[in-house]
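Shown next, in structure tokens, is the structure this report addresses.
We count ligands from 1, going down the list as the structure has it; atoms in each ligand are counted the same way.
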Amino acid sequence: MPFSVTPIGFVRSCFKEKFAIPRQPRLAPAARGVLELLAPFDRAEAVAGLEQVSHVWLLFLFHQALEDKPRLKVRPPRLGGNRQLGVFATRSTHRPNGIGQSVVRLEKVEPGRLWLSGIDLLDGTPVLDIKPYVPYADSLAEARNAIAEQAPAAIPVDWDAAALAAAQAHGARLGEPLTELIEQCLAQDPRPAYQQPAPERRYGTRLWDVEVRWHYPEPGRIRVLEVTLAGA
Ligand code: SAM
């Protein structure tokens with residue numbers, strides 16, 4: 001029996017493309033965004049009390065990965081993209097009903113707006129519900145997951161001097177920790193694990209309104225080459 005759900009708001013996020021978004025929340029604390037709530041939830045009553053909460057769960061739609069045909073097995077990029085697992089053993093975006101969940105830091109609460117950090121959500125993501133994080137219930141000291149035991153190891157990120165200066169200037173213009181955002185996202189090594197990049201191959205993505213370009217001068221090391229205004 002089908003049910004229908006309606007977004008309660010949409011996220012305005014630093015991430016304008018899927019590529020280089022961290023695979024889970026909190027891996028890039030400098031990843032910020034605003035959840036803009038829709039009527040009737042844009043009123044002060046709907047968020048009353050939320051200022052007493054440091055983190056929230058967001059339930060959202062992977063709106064850029066919705067598929068008609070359900071998959072039973074998926075290939076998580078973290079496992080090299082060549083190992084299949086049952087969809088329910090993964091946090092893949094390709095899943096029945098396309099529902100994602102992320103626990104994120106709540107920086108500020110305003111009527112109609114929640115200011116968030118540590119997000120892993122694409123710009124424009126429809127949010128279905130918000131729930132306060134409850135430490136005594138949601139933090140499980142005994143929990144184990146042998147597939148994803150710990151956060152992926154961060155790789156070193158170096159900068160061309162001009163790229164670093166440009167990132168700092170754009171960060172100041174935007175009022176955002178752009179240099180940290182770039183370092184934190186690239187340190188996750190966004191490239192699928194099965195790709196062995198040649199040093200001349202360039203990768204890129206868009207964060208806020210800037211294009212970031214980088215390459216792998218040697219395996220396991222990233223160098224940021226350019227940070228430019230998108231469309232310039
Ligand atoms: N924390 C969530 C979860 O466990 O349900 C998301 C995990 S999923 C592996 C994270 C990836 O989802 C990000 O790297 C990004 O590429 C992708 N993503 C984020 N927002 C999306 C959206 N609205 N539509 C499609 N893909 C999205």
Side-chain angles (χ1 to χ4, degrees), residues 5-36 38 55-71 73-81 83-106 114 116-133 138-140 143 145 147-155 181-195 203-208 212 214 222:
V5 291
T6 307
I8 52 103
F10 291 88
V11 173
R12 236 181 338 109
S13 158
C14 55
F15 297 117
K16 307 301 177 188
E17 294 177 17
K18 282 189 274 182
F19 189 50
I21 302 181
R23 297 190 175 116
Q24 285 300 336
R26 299 176 56 247
L27 293 171
R32 299 175 4 136
V34 180
L35 169 50
E36 303 201 320
L38 297 174
H55 292 76
V56 286
W57 285 105
L58 299 181
L59 300 174
F60 59 92
L61 276 183
F62 290 116
H63 72 304
Q64 283 206 3
L66 296 174
E67 294 171 330
D68 291 335
K69 196 162 172 276
R71 300 187 193 199
K73 292 203 143 189
V74 294
R75 296 173 194 273
R78 185 190 159 104
L79 301 182
R83 210 177 123 203
Q84 285 197 325
L85 286 174
V87 63
F88 298 128
T90 79
R91 301 281 282 260
S92 167
T93 58
H94 302 289
R95 55 194 319 111
N97 300 312
I99 294 177
Q101 62 175 92
S102 294
V103 67
V104 300
R105 176 173 269 282
L106 186 54
L114 302 185
L116 310 169
S117 67
I119 61 176
D120 60 346
L121 307 174
L122 187 63
D123 193 49
T125 294
V127 174
L128 303 176
D129 201 358
I130 305 162
K131 300 194 188 196
Y133 184 82
D138 295 346
S139 168
L140 307 174
N145 181 338
I147 302 164
E149 197 66 75
Q150 50 202 340
I155 66 170
L181 176 64
I182 294 170
E183 286 186 351
Q184 291 165 6
C185 293
L186 297 192
Q188 307 297 316
D189 195 355
R191 141 198 84 89
Y194 50 85
Q195 280 182 18
Y203 292 77
T205 197
R206 191 169 152 204
L207 299 171
W208 297 115
V212 183
W214 68 92
I222 280 180

Give the minimum heavy-atom separation between [X] and [Y], together with the two atoms involved.
X: Phe60; Y: Ser102; result: CE2-OG, 3.4 Å
X: Lys131; Y: Leu59; result: CE-CD1, 4.1 Å
X: Leu122; Y: Lys16; result: CD1-C, 3.9 Å
X: Arg71; Y: Glu67; result: NH2-OE2, 2.5 Å
X: Gln188; Y: Arg23; result: O-NH1, 4.2 Å
X: Phe10; Y: Gly124; result: CD2-O, 3.5 Å

Exercise. Can any side-chain N or O of Arg26 pair as donor or acceptor with the backbone N or O of Ala28 at less than 3.5 Å?
Worked result: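 No.
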Nitrogen or oxygen of [X] less than 3.5 angstrom from that of ligand 1:
X: Pro126; value: no
X: Arg23; value: no
X: Ser92; value: no
X: Leu121; value: no
X: Gln24; value: yes

What protein heavy atom sits nearest [atom], and how far away is it?
atom: atom 18 (N) of ligand 1; value: Phe62 CD2, 4.1 Å
atom: atom 21 (C) of ligand 1; value: Leu122 CB, 3.7 Å
atom: atom 26 (N) of ligand 1; value: Lys18 CD, 3.6 Å
atom: atom 6 (C) of ligand 1; value: Asp120 OD2, 3.4 Å

Problem set entry | Selection from Arg91, Arg95, Gln101 by shortest heavy-atom distance to atom 8 (S) of ligand 1 |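 The option holding the nearest heavy atom is Arg91.
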Under 4.0 Å from any heavy atom of [X], which atoms of ligand 1 are there?
X: Gln64; value: 24 (N), 25 (C)
X: Leu61; value: 23 (N)
X: Pro25; value: 1 (N)
X: Gly100; value: 5 (O)
X: His63; value: 22 (C), 23 (N), 24 (N)
X: Thr125; value: 20 (N), 22 (C), 23 (N)

Side chain proximity check, [X] to [Y], heavy atoms < 4.5 angstrom:
X: Trp57; Y: Pro25; value: no
X: Leu27; Y: Gln184; value: no
X: Thr205; Y: Trp214; value: yes

Exercise. Does Pro22 have a non-hydrogen atom less than 4.0 Å from ligand 1?
Worked result: yes
For this session: Answer with yes or no whether Leu66 contacts ligand 1, where contact means a heavy atom under 4.0 Å from a ligand atom.
Result: no
Exercise. Rounded to the nearest 0.5 Å, what separation is found between the CD atom of Gln101 and the CG atom of Asp120?
Worked result: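 Reported to 0.5 Å precision, the distance equals 10.5 Å.
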For this session: Measure the spacing between CZ of Arg191 and CZ of Phe19 and express it to the nearest 0.5 Å.
Result: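 The distance works out to 9.0 Å.
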Exercise. Which bit of Thr93 gets closer than 4.0 Å to ligand 1, counting heavy atoms only: side chain, backbone, both or neither?
Worked result: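 Within the 4.0 Å criterion, Thr93 contacts ligand 1 through side-chain atoms alone.
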